[in-house]
Every structure is written in structure tokens, then in C-alpha cells.
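As a basis for the values below, the full set of heavy atoms in this structure was taken, side chains included, without hydrogen atoms, waters or symmetry mates. Each chain gets a letter, A, B and so on, in the order its sequence line appears, and its residues count up from 1. Keep in mind that this is a model prediction, so the values were computed, not measured.
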Protein chains: 2
Amino acid sequence: MPPASRTTSPSRPTRADARRNHDRIVTAAADAIAEHGAEASLEEIARRAGVGSATLHRHFPSRQHLLEAVFRGKVEALCATAADLAGHPDPGHALATWLGAVARHAAHNRGLAAALMGGAHDGDPTLGAGCHTMIINAGADLLAHAREAGAARPDVSITDLLTLVNAISLAVEGEPDGAVQAGRLLTLALTGVRPAGDAAERAM
Amino acid sequence: MPPASRTTSPSRPTRADARRNHDRIVTAAADAIAEHGAEASLEEIARRAGVGSATLHRHFPSRQHLLEAVFRGKVEALCATAADLAGHPDPGHALATWLGAVARHAAHNRGLAAALMGGAHDGDPTLGAGCHTMIINAGADLLAHAREAGAARPDVSITDLLTLVNAISLAVEGEPDGAVQAGRLLTLALTGVRPAGDAAERAM
DNA sequence: GCACAAACGGGGTGGTCCTCCATATCGTAC
DNA sequence: GTACGATATGGAGGACCACCCCGTTTGTGC
């Protein structure tokens, strides 16, 4: 982040080769991450993109920045889905559907769960508008509506739910039938282990 | 694994220095893992133990083997807890209590969740009797009893439950109030997001 | 005490992440 | 069309890592 120059002009427009390299790196990263997961080698990504490793590090000072760039599109899609579902007549169902969509995206896009998870708590405030924050804001409305409709406990937060979804996604990542497992576990977590219809309130 | 020698005698008793080094490595690993997590540097562990890195690799051919050795005691304790709880009058409560104990152990012993998680699906059959298997066998009884008592759905497996617990434990690992978060999320997953007493069966 | 299998560990290989800085390139003002 | 300066580049190098080879040391049964 260059210090705001003295003139009103925003320093300079990004150079064309820089923009080109940026895009090539993101593309290469998407491939490598799909293949090897979120911990894919940065050296290899640079190699695939045909740039020096220093260039990669200049464009993306941390792995998290790179993940954010790779998955921004997917995250925006999930946010849009949340917006669509916000007006659904059954808010509880809408929330569950959306969380399922998050899990499905994570199952089909290796590394997405890590990108969603990492955002806030790695001490870098410059990632404020990152995927983590975006997805939380998107889900907050759905949860609020569900709560109003009595379909969600008042003491559960959207952070809880997304942590759960991402934890599940990470746990089954790499498994052959990951998407199925993730769906099972998410349903389990949302509805509880007790048989449906058993309303017993226990001390636990 | 030395090929079974021609004689009936089990080749040879382990040499004293080997046993000593083994123990020093496990101790050093416990410290390092508590400090840096399950991904702690093996070189550093060898350094702390005062042995060459080759010695560490000879004793523990993979990181998973080392984790198993470090946490075997804790896992046995959890298995014993499971055995104690097996006769509890309320099997549903017993199961929940035990899963809570697993989470609590994981929160207090960094790396334990990783040890429990890694066991089966990394292609090494020699880890058959590893922590993963031990804990599954221990929990299976509790789940079976809970199911008989109608306190657990018939379609949920012990693997599901342990995956959930470990996923949660890994997700909150390193967080300042990790133990509290893990407890919250586990309770949430076990009882569902709907308010207690809401027995509505939804299509979802 | 001796012989020998068992265990050891220094040092090498090839990998990672990240940084420095001399060089090449782009965009612009002329 | 050219020259210039800011911007961007990438190879080389440092620090670290997992893992392995192989000459050397050490423990043990006789």
C-alpha cells in the first residue's frame, strides 16, 4: 500500500505486465491448489505461472492473500446465494440450504475451506475485507431471519455455524466421497444426534 | 519390522540405548508439540532429545508414528473413561459426556486431535492398532448403548461423531479460549441448531 | 574380553519460504 | 521516435526442513 501521493491522482495506474503476472499467478495457484490443496508449494505456483518466486511474494505477501485472490469469485457467488435465500419463506430451511451450499462448494474446491477459515485470526488487519468477513456478513442475515422464525437457538452465532461447516469440510478434504461425508456430517450437526421427534431436554 | 528369525526366539531384546533414545525422543516430542502443534519440526525434536535426526527417523518412520507414541497414554485414558461410562444408567448422557471428554483432552493437548484423525486413511496398514482404531473401538460401545436407548439416530456412526469432535478440536486449536469454543460447538453439533423442545421434523 | 549385530549421527540431497538488489520493462513527456 | 524515471522483475542466496546413506560407535551374549 503506497503512501497516498501528494497529488490527488492515485499514484499511478498498475502497469500492464504487473496485472498480467498477477492473473497468471492466480490461475496457476488455482490449478496447484486444486491438485495439492491449500498448502501447495508457492515455488511450484510461481514456476507454473512462469514468474520468479520474488514476483509471487510481491503480489501476494502471504499465502492467505493468494487464497483470497483465488477464491474471491466463489465466495462472491456464495454471498449472492445468501442474498437470494434471504427472502425465502422458510428461514430455517434457507439457512440450512445455504450452509449446505457452502459445504458443497468447499467439497468441490479444495482449499476454499482454508481460505474461509484463515481470514480473521492471523493477526493481519489488512485482510479485513477478506473472504472470512464477506461470508460472515452474508450469513448473518440468514441466521437472523432463522432466529426470528424460531428455527435457530438464540445463543448460536453465525461464526459458530461457519466454523462448524469449515471444520467439517477440512476434515473430509481429500476423502474420496468427501462431498457425501460433508453433507452427512453437516446435517448431523444441524439437527443433532437424537432421533428426529425426540424433544427431550437433557441436562447435558 | 525385522523378519521373524528362524529360531523361535524373537530375534533379540531391544538394546538399552535404543530404548533410552526412544523415550527421550517421545519426551522431547511431547514438549515440542505442546509448544508448536502437531507440525512441530522433527529436526528440533531430535535436537532437543540430543539425538541425530537419523535416529529419530529410524525410531519413528513417519510423523504419525511419533504422534501415536506421544499420545498413546492419553488415548488409553480416554478408552478407560469410555469403559467406565459404558455402564452408566443414561447411555445418551454417557456418550455426550465421553465426547466432551475427548474434546477437552484435545483442547488441553495440542496435537492430540491430529493424532486421532490421521490414523487410518494415510495408507499405512502397520498403524492398524493406532490411536484412531483404539478410540473408535472405545466409542463404539457407548454409541451402541445410546442407540439402543433411543438417544442416538440409527444412521449415525461412531466415526461420524469422532470426526466431528476432532474437526472441531482442530478448528479451534490455537484459539485463546479454545476449550470453551470446542465445548460450545460440540454441544451445538450434538443437540442441533433448533431451539430445545422444537421437535418439528423438517424435510431438510 | 571379544566379536558382531544393532544402533548411532554427521553430512549430503533436494525441497521449502522468503529477501536483496542489479537488471529489464513499461508508460510518458517530449 | 526517443529518452527517461518509476515500476516491476527474477536469479541468487540464506535459513530452514524432511529424509537417507554409510562409516563409526556401542551394547551384549558368549
Side-chain angles (χ1 to χ4, degrees), chain A residues 1-7 9-26 28-29 32-33 35-67 69 111 114 118 122-124, chain B residues 1-26 28-29 32-33 35-67 69-70 111 114 118 122-124:
Chain A
M1 192 165 306
S5 68
R6 324 188 275 111
T7 78
S9 89
S11 59
R12 286 253 186 138
T14 314
R15 249 168 66 170
D17 55 345
R19 171 169 275 282
R20 184 168 45 85
N21 279 335
H22 176 101
D23 293 350
R24 295 176 68 177
I25 291 169
V26 172
I33 289 172
E35 198 168 326
H36 298 113
E39 301 299 312
S41 157
L42 299 179
E43 297 273 340
E44 187 191 330
I45 291 172
R47 235 175 289 132
R48 289 199 198 199
V51 304
S53 58
T55 297
L56 185 150
H57 285 284
R58 197 174 313 108
H59 281 284
F60 305 98
S62 79
R63 183 181 294 275
Q64 183 63 26
H65 282 88
L66 184 53
L67 288 175
D122 55 348
D124 187 345
Chain B
M1 190 164 307
S5 67
R6 324 186 276 111
T7 78
T8 53
S9 87
S11 61
R12 287 249 187 141
T14 313
R15 252 170 62 171
D17 53 346
R19 170 170 276 282
R20 185 168 44 85
N21 279 335
H22 177 102
D23 293 350
R24 296 175 69 176
I25 291 170
V26 171
I33 289 172
E35 198 168 326
H36 299 112
E39 300 301 311
S41 157
L42 300 179
E43 296 274 338
E44 187 191 330
I45 291 172
R47 236 175 286 132
R48 289 200 198 197
V51 305
S53 58
T55 297
L56 185 148
H57 285 282
R58 196 174 314 108
H59 280 283
F60 305 99
S62 79
R63 173 175 247 105
Q64 183 64 26
H65 283 87
L66 183 53
L67 288 175
V70 167
D122 55 348
D124 187 345

Are OP1 or OP2 of D/dG10 and a side-chain N or O of A/T55 less than 4.0 angstrom apart? yes
Does this structure show an ion pair linking B/R48 with B/E35, if we count only N-O contacts that are shorter than 4.0 Å? yes
Among C/dC17, C/dC26, D/dG10, which nucleotide has an atom closest to any side-chain atom of A/D17? C/dC26
Indicate whether OP1 or OP2 belonging to C/dC8 is found under 4.0 Å from a side-chain N or O atom of B/H59. yes
Winner on side-chain proximity to B/S53, out of C/dG11, C/dA7, C/dC18, is C/dG11
Nearest heavy atom decides the nucleotide; on that basis, is B/R15 or B/G52 closer to the 5' end of DNA chain C? B/R15
Report the nucleotide, chosen from C/dA7, C/dG9, C/dT16, that has the shortest atom-to-atom distance to any side-chain atom of A/E43. C/dT16
Contact class for B/R19 (heavy atom, under 4.0 Å): base, sugar-phosphate, or nothing? nothing
Report the nucleotide, chosen from D/dA18, D/dA6, C/dA7, that has the shortest atom-to-atom distance to any side-chain atom of B/A18. C/dA7
Does C/dC17 have OP1 or OP2 sitting under 4.0 Å from an N or O in the side chain of A/R63? yes
Side chain B/R20 and base D/dG27 donor-acceptor under 3.5 Å: no
Which listed nucleotide (D/dG29, D/dA18, D/dT9) is nearest to the side chain of A/N21? D/dT9
Aromatic ring pairing A/H22/A/H59, orientation class (parallel under 30°, perpendicular over 60°, tilted between): perpendicular
Give a yes/no answer on whether the side chain of B/H22 brings an N or O atom under 4.0 Å of OP1 or OP2 in C/dA7. no
When you check the phosphate oxygens OP1 and OP2 of D/dC17, does a side-chain N or O of B/S41 lie under 4.0 Å from one of them? yes
Among the candidates D/dC19, D/dC21, D/dT9, find the nucleotide nearest to the side-chain atoms of B/A54. D/dC21
